[in-house]
J.: 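Here you go, one structure.
First the proteins, then the strands, lettered A, B, ... as listed; each starts at 1.
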Amino acid sequence: MRVLLQHPRRETEIKGPKTVGQLLKRLELLPEAVLVLRGDELITEDEALKEEDTIEIRPVISGG
Amino acid sequence: MPRHNTSVCGACLNDYVVEQVKRAIKDHTMFERDDRILVAVSGGKDSLSLWDILMRLGYDTAGLHIQQGIGDYSEESHRKTVAFAQSRGAELIVHSLKEEEGAGVLELADLTDRSPCSACGVMKRYNFNKIAREREFDVLATGHNLDDEASRLLGNVLRWQEDYLAKQSPALPATHEKFVKKVKPLYRLAEREITAYAVVNKIDYVIEECPMSVGSKMLVNKEVLNRLETDAPGTKQAFYFGFLERQKQTNLSLEDEKIQSCTRCGQPTTATICSYCRILEKVKTAP
């Protein structure tokens, strides 16, 4: 699947993870520090992902 | 929402967020129904969401945006803030540091040997207060959330900065005739919950982080707290809300702080000449 990341903005292809929780573990990201979107839809950690999905991982932390 | 051991739909998230803000306003008597509220808006998720929520609740608000002059980041922040205000027909006051003070944050930091975040903080606090007073607003509202407050508390406790601990409150009264009351109606909401609110309500905010905040203590503290939160949901809330409970029972008091008028500009300060005037002096004498 295609995964869009921020800070810095970049894109990567990930194979294998079946759920959002597994994807975050694979990317070593804390669930508390991000939101995961498929299109405009927020998805939860137990949501199943498909190979053809495009997933955006949006950081929620700001330092200002 | 792990700290509540639940997942919610968009409509329920909105109800939850609005209820938490209403409770914050009530619990700390932040403002009354007929007060005029100046909302400090950066263009980020927190401040735009706060403004959105206060308008949704029917409060009389205007936004105040400080243009910091930090390259493309500030340009985009300004653009998104203006677009948000226009889309809702809301009043927006824009204050440009380059136009009004003669230099943006980066130049001010260079001239004064301060960090950009320190120079930015002085400029924002000064102008928020001054503009709110001049334009006769009753209260200044900022978008600080639970993560901001827990992170700040962690920093203050690690260095035992008791003077800062006394001032860390969701509502700061006007302790001088030239101070405006300051409130943080989002303090009950986690950063993740506010971001979800912004996404669900299609608020177009600046996703990019301020380039000056990379590696800041605030971000490090937030990461530490998020590791704890992941292991034990509710940690941030227990830490900050527990502090607020204990703060009520201690002698930490704002009244001990001696506020006087700056001999240059007349604005309230704890020094003879305020930080803002000391920075501006460097701008005026710069080659």
Side-chain angles (χ1 to χ4, degrees), chain A, chain B residues 1-3 6-10 13 42-47 68 70 73 77 117 120-121 124 143-145 147-148 151 190-200 202 205-223 225-231 233 235-236:
Chain A
M1 73 196 70
R2 203 155 66 101
V3 181
L4 310 175
L5 295 143
Q6 302 280 348
H7 301 173
R9 196 177 174 85
R10 61 203 187 280
E11 198 176 308
T12 186
E13 284 286 333
I14 300 273
K15 281 193 182 294
K18 297 286 190 290
T19 66
V20 169
Q22 288 168 336
L23 174 66
L24 295 180
K25 264 193 187 148
R26 169 92 173 263
L27 293 167
E28 298 181 346
L29 293 171
L30 290 172
E32 185 65 17
V34 296
L35 285 174
V36 183
L37 292 94
R38 183 166 46 202
D40 287 342
E41 179 201 10
L42 284 173
I43 51 179
T44 55
E45 276 186 73
D46 54 358
E47 187 87 17
L49 300 172
K50 294 178 190 148
E51 199 55 47
E52 63 269 26
D53 280 342
T54 296
I55 302 298
E56 180 189 350
I57 298 184
R58 178 137 359 149
V60 303
I61 306 302
S62 54
Chain B
M1 294 194 287
R3 72 181 167 122
T6 187
S7 295
V8 294
C9 67
L13 175 78
S42 64
K45 64 192 189 307
D46 302 300
S47 55
Q68 300 154 309
I70 306 176
Y73 170 76
S77 302
C117 295
C120 183
K124 283 201 292 194
H144 293 93
N145 57 48
D147 293 54
D148 294 323
S151 167
E191 196 146 31
R192 195 164 182 266
E193 293 162 355
I194 290 293
T195 312
Y197 178 89
V199 170
V200 164
K202 302 195 186 316
Y205 67 91
V206 182
I207 296 173
E208 280 301 311
E209 183 55 86
C210 173
M212 296 301 113
S213 72
V214 176
S216 72
K217 283 196 184 79
M218 173 73 105
L219 287 179
V220 173
N221 289 346
K222 282 187 175 180
E223 189 178 344
L225 287 167
N226 277 338
R227 287 191 184 280
L228 296 170
E229 183 78 20
T230 300
D231 283 345
T235 297
K236 287 183 281 194

J.: Name the region of B:Asn145, side chain, backbone, both or neither, that has any atom closer than 4.5 Å to a heavy atom of chain A.
T.: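 No part of B:Asn145 comes within 4.5 Å of chain A.
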J.: Which answer fits B:Lys217, side chain, backbone, both or neither, if we ask what part of it has an atom under 4.5 Å from a heavy atom of chain A?
T.: neither
J.: Find the distance between CG (A:Leu29) and CG (A:Leu5) and round it off to the nearest 0.5 Å.
T.: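 Interatomic distance, A:Leu29 CG to A:Leu5 CG, rounded to 0.5 Å: 7.0 Å.
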J.: Would B:Asp148 and B:Lys222 count as a side-chain contact (heavy atoms from CB on, under 4.5 Å) if you check the C-alpha gap in whole Å, the side-chain angles of each, and the deciding distance to 0.1 Å?
T.: CA-CA 8 Å; B:Asp148 294 323; B:Lys222 282 187 175 180; 2.6 Å; yes
J.: About how many Å separate CZ of A:Arg2 and CD of A:Glu13, when rounded to the nearest 0.5 Å?
T.: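 If we round to the nearest 0.5 Å, A:Glu13:CD and A:Arg2:CZ are 7.5 Å apart.
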J.: I'd like to know which of B:Ile207, B:Asp147, B:Val199, B:Thr230 tops the heavy-atom pair count under 4.5 Å against chain A.
T.: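 With the most close heavy-atom pairs to chain A, the winner is B:Ile207.
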J.: How close do A:Leu42 and B:Val200 get, counting heavy atoms only, and between which atoms?
T.: CD1-CG2, 3.8 Å
J.: Examine whether an atom of A:Ile61 lies under 4.5 Å from a heavy atom of chain B, and if so say whether it belongs to the side chain, the backbone or both; otherwise answer neither.
T.: both
